[in-house]
There are 2 protein chains.
Amino acid sequence: MSTTTPTDDGCGLRERKKRETRRAINLAALDLVEEKGFASVTTDEIATRAGVSARTFFNYFPSKEAAVIGTTPEELEAYAASLEQATPGESPVDSLRRIIAEMLAPGTIDKQLRAKRRRILLGEPSLAPALVGNNIRIENALTAALERRLGVAPGASLEPRLTVAVALAAVRACIEHQQQGGSGRLERNIDQAFDSIAAGLR
Amino acid sequence: MSTTTPTDDGCGLRERKKRETRRAINLAALDLVEEKGFASVTTDEIATRAGVSARTFFNYFPSKEAAVIGTTPEELEAYAASLEQATPGESPVDSLRRIIAEMLAPGTIDKQLRAKRRRILLGEPSLAPALVGNNIRIENALTAALERRLGVAPGASLEPRLTVAVALAAVRACIEHQQQGGSGRLERNIDQAFDSIAAGLR
DNA sequence: TGCAATTTTGCAGTGACTGCACAATCGGCG
DNA sequence: CGCCGATTGTGCAGTCACTGCAAAATTGCA
């Protein structure tokens with residue numbers, strides 16, 4: 001509990017090792033996917049390359065997909081908090097646009113990992129199902145945060161969930177567009193997509 | 001092949017039995033999910049209740065999720081075709097709104113199955129991952145159809161994929177809204193959602 | 001009825017994922 | 001410094017989704 005662990009954040013050896021292990025698994029997963037494709041990689045392989053046992057792999061990530069994506073629950077919490085207490089003049093969609101940009105290039109990881117993630121994300125079409133599966137948790141967390149920000153009870157209004165779902169769908173569409181050799185650059189397309197959404201789709 | 005089978009559509013005993021088997025599996029899956037929840041149902045159980053072998057189950061559906069959802073590839077093709085050659089004055093989003101309404105209450109199945117599907121769909125929150133997994137195929141098929149209709153090469157423009165992704169996300173958001181005891185009735189919420197999208201989200 | 005195509009089925013295997021119990025490690029405290 | 005409680009790593013055994021393969025049952029047609 002937090003009452004007994006004075007070094008809950010990131011000081012102790014324990015916490016550091018955990019972060020390193022998580023990173024090693026994520027890195028091994030990304031490398032292996034790049035080498036062999038997502039479907040041909042086994043969790044055993046990832047664990048071995050990361051230097052942990054097969055069982056430990058699942059102590060860090062609940063699924064093979066999650067190990068490739070690599071987002072931590074802490075990051076997700078931070079995004080939700082950021083959405084909940086956004087700057088006053090910012091519309092929900094604008095907040096989401098900003099937060100999603102941060103999700104795609106989080107400042108909490110080094111450049112090496114960031115570049116690798118980006119490369120795999122855009123290069124592996126077979127990762128699309130993994131992406132959407134992951135999005136469900138994100139969507140629920142962000143929806144709850146937006147509901148709190150708007151001061152509505154959970155489920156009272158359709159709007160928060162709709163806004164979050166549409167925003168995430170737009171990003172996913174841009175990623176898949178890239179994966180299939182589509183035109184443009186990712187960030188630019190995302191900007192365009194949010195502009196289209198704000199202007200109204202027909 | 002079609003050269004040797006004069007009754008390719010739906011006349012012969014073979015075709016009818018296949019349709020019946022598919023329906024039996026879908027029905028068994030829906031009933032079992034209602035009884036025990038999606039996670040607690042095994043494909044073996046579904047197969048047994050449907051009166052087929054465990055192996056045959058996978059001859060009809062590629063996954064447990066697909067067996068619960070129950071949409072056939074033929075239906076999907078029909079929707080794509082309908083999107084591709086829409087009535088002249090209809091905008092892409094309007095076409096999608098119409099097609100999605102048909103997807104939720106397809107005329108090709110009887111009322112019993114339709115009611116059951118609807119009940120399970122709205123009552124099983126743990127079905128959400130299955131839903132989005134399924135949506136990928138639908139999204140790709142509809143995107144391709146819309147690209148053809150707009151006369152753009154695949155991947156040349158972001159717009160078709162974005163439009164389809166947003167429309168499907170909106171419907172999924174409405175379904176999840178219902179699943180979690182949200183306000184309103186499904187069809188009405190979907191109408192509202194499409195109106196919001198057309199007006200532009202902020 | 002007999003033949004060819006299709007469908008069903010059993011079998012054996014792979015791989016994701018889980019619970020459990022035990023060993024290793026760490027952090028703090030006397 | 002060394003012990004103790006808590007956390008973390010690991011091996012094991014098991015379940016279940018899903019697949020390829022080849023034999024058996026079924027169907028359509030001549």
Side-chain angles (χ1 to χ4, degrees), chain A residues 1-25 28-29 32-33 36-69 72 126-127 129-130 133-134, chain B residues 1-25 28-29 32-33 36-69 126-127 129-130 133-134 137:
Chain A
M1 294 303 126
S2 54
T3 56
T4 59
T5 59
T7 57
D8 227 7
D9 40 355
C11 311
L13 202 165
R14 229 163 209 166
E15 316 301 324
R16 188 169 57 237
K17 277 192 90 171
K18 270 184 89 169
R19 264 203 302 276
E20 278 168 12
T21 304
R22 169 174 284 270
R23 186 176 182 281
I25 295 175
L32 281 166
V33 166
K36 316 170 56 176
F38 181 74
S40 304
V41 175
T42 70
T43 57
D44 276 14
E45 275 177 309
I46 301 174
T48 301
R49 182 170 300 201
V52 298
S53 75
R55 189 65 188 78
T56 300
F57 174 93
F58 288 102
N59 286 343
Y60 280 87
F61 294 100
S63 68
K64 192 168 82 164
E65 290 87 344
V68 177
I69 306 293
T72 68
S126 64
L127 219 68
N134 224 263
Chain B
M1 293 304 124
S2 53
T3 56
T4 59
T5 59
T7 57
D8 227 8
D9 40 354
C11 312
L13 202 163
R14 223 160 214 170
E15 316 301 323
R16 187 171 58 236
K17 277 192 89 171
K18 271 184 89 168
R19 265 203 302 276
E20 278 168 12
T21 304
R22 169 175 284 270
R23 185 177 183 281
I25 295 175
L32 281 166
V33 166
K36 317 169 56 175
F38 181 75
S40 304
V41 174
T42 70
T43 57
D44 276 13
E45 275 176 310
I46 301 174
T48 302
R49 182 170 299 201
V52 298
S53 77
R55 190 65 185 77
T56 300
F57 174 93
F58 287 101
N59 286 343
Y60 280 87
F61 294 100
S63 68
K64 194 168 80 164
E65 290 87 342
V68 177
I69 307 293
S126 63
L127 218 69
N134 224 261
R137 304 178 200 185

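Just so it is clear, the structure is predicted and the values come from calculations on it, not from any experiment. Labels below follow one simple rule: chain letters A, B, ... track the order of the sequence lines, proteins then strands, and each chain is numbered from 1.
When distances run from any side-chain atom of Ser63(B) to the nucleotides dG11(D), dC18(D), dC17(C), the shortest one goes to dC18(D). Distance from the side chain of Ser53(B) is smallest to dG10(C) among dC17(C), dG10(C), dC18(D). Of the listed nucleotides (dG10(C), dA17(D), dT8(D)), dT8(D) has the atom at the smallest distance from the side chain of Lys18(A).
What separates CD of Glu45(B) from C1' of dA17(D) is a distance of 13 Å, to the nearest Å. For the pair Glu15(A) CD and dT7(D) P, the interatomic distance rounds to 11 Å; values are reported in whole Å. In this entry the distance linking CZ of Phe58(B) with P of dT14(C) reads 18 Å, nearest Å. Between Arg19(B) atom CZ and dT7(C) atom P the separation is 13 Å, expressed in whole Å. Protein atom CG of Asn59(B) is 11 Å distant from nucleotide atom P of dG20(D), rounded to whole Å. Atom CG of Asp44(B) is separated from atom P of dC16(D) by 8 Å (rounded to the nearest Å). Look at CZ on Phe61(B): it is 18 Å from C1' on dT19(D), rounded to the nearest Å. Taking atom CZ on Phe57(B) and atom P on dT9(C), their separation rounds to 14 Å, with Å as the unit.
Mapping Ala39(A) and Arg55(A) onto DNA chain C by nearest heavy atom places Ala39(A) at the nucleotide closer to the 5' end.
Of the side-chain N and O atoms in Thr43(B), one or more sit less than 4.0 angstrom from OP1 or OP2 of dA17(D). Here Thr42(A) does not reach the OP1 or OP2 of dG15(C): none of its side-chain N or O atoms lies under 4.0 Å away. Between Lys17(B) and dT27(D) there is a side-chain N or O to OP1 or OP2 distance below 4.0 Å. Taking 4.0 angstrom as the limit, Thr56(B) places none of its side-chain polar atoms (N or O) nearer than this to OP1 or OP2 of dT8(C). In this model, the phosphate group of dC16(D) is not approached by any side-chain N or O of Lys64(B) to a distance below 4.0 Å at OP1 or OP2.
Nearest heavy atom pair, residue Thr43(B) against residue Phe58(B), reads CG2-CZ, 3.9 Å. Residues Glu65(B) and Phe38(B) share a closest heavy-atom pair of CG-CZ, 3.7 Å. Summarising the geometry of Ala28(A) relative to Ile46(A), their closest heavy-atom pair is CB-O, 3.8 Å, with the distance given to 0.1 Å.
Rounded to the nearest 0.5 angstrom, Arg22(B) CZ and Arg19(B) CZ are separated by 11.0 Å. Atom CG of residue Leu32(A) and atom OG1 of residue Thr42(A) lie 8.0 Å apart, to the nearest 0.5 angstrom.
Tyr60(B) comes within 4.0 angstrom of the backbone, heavy atoms only, and of no base.
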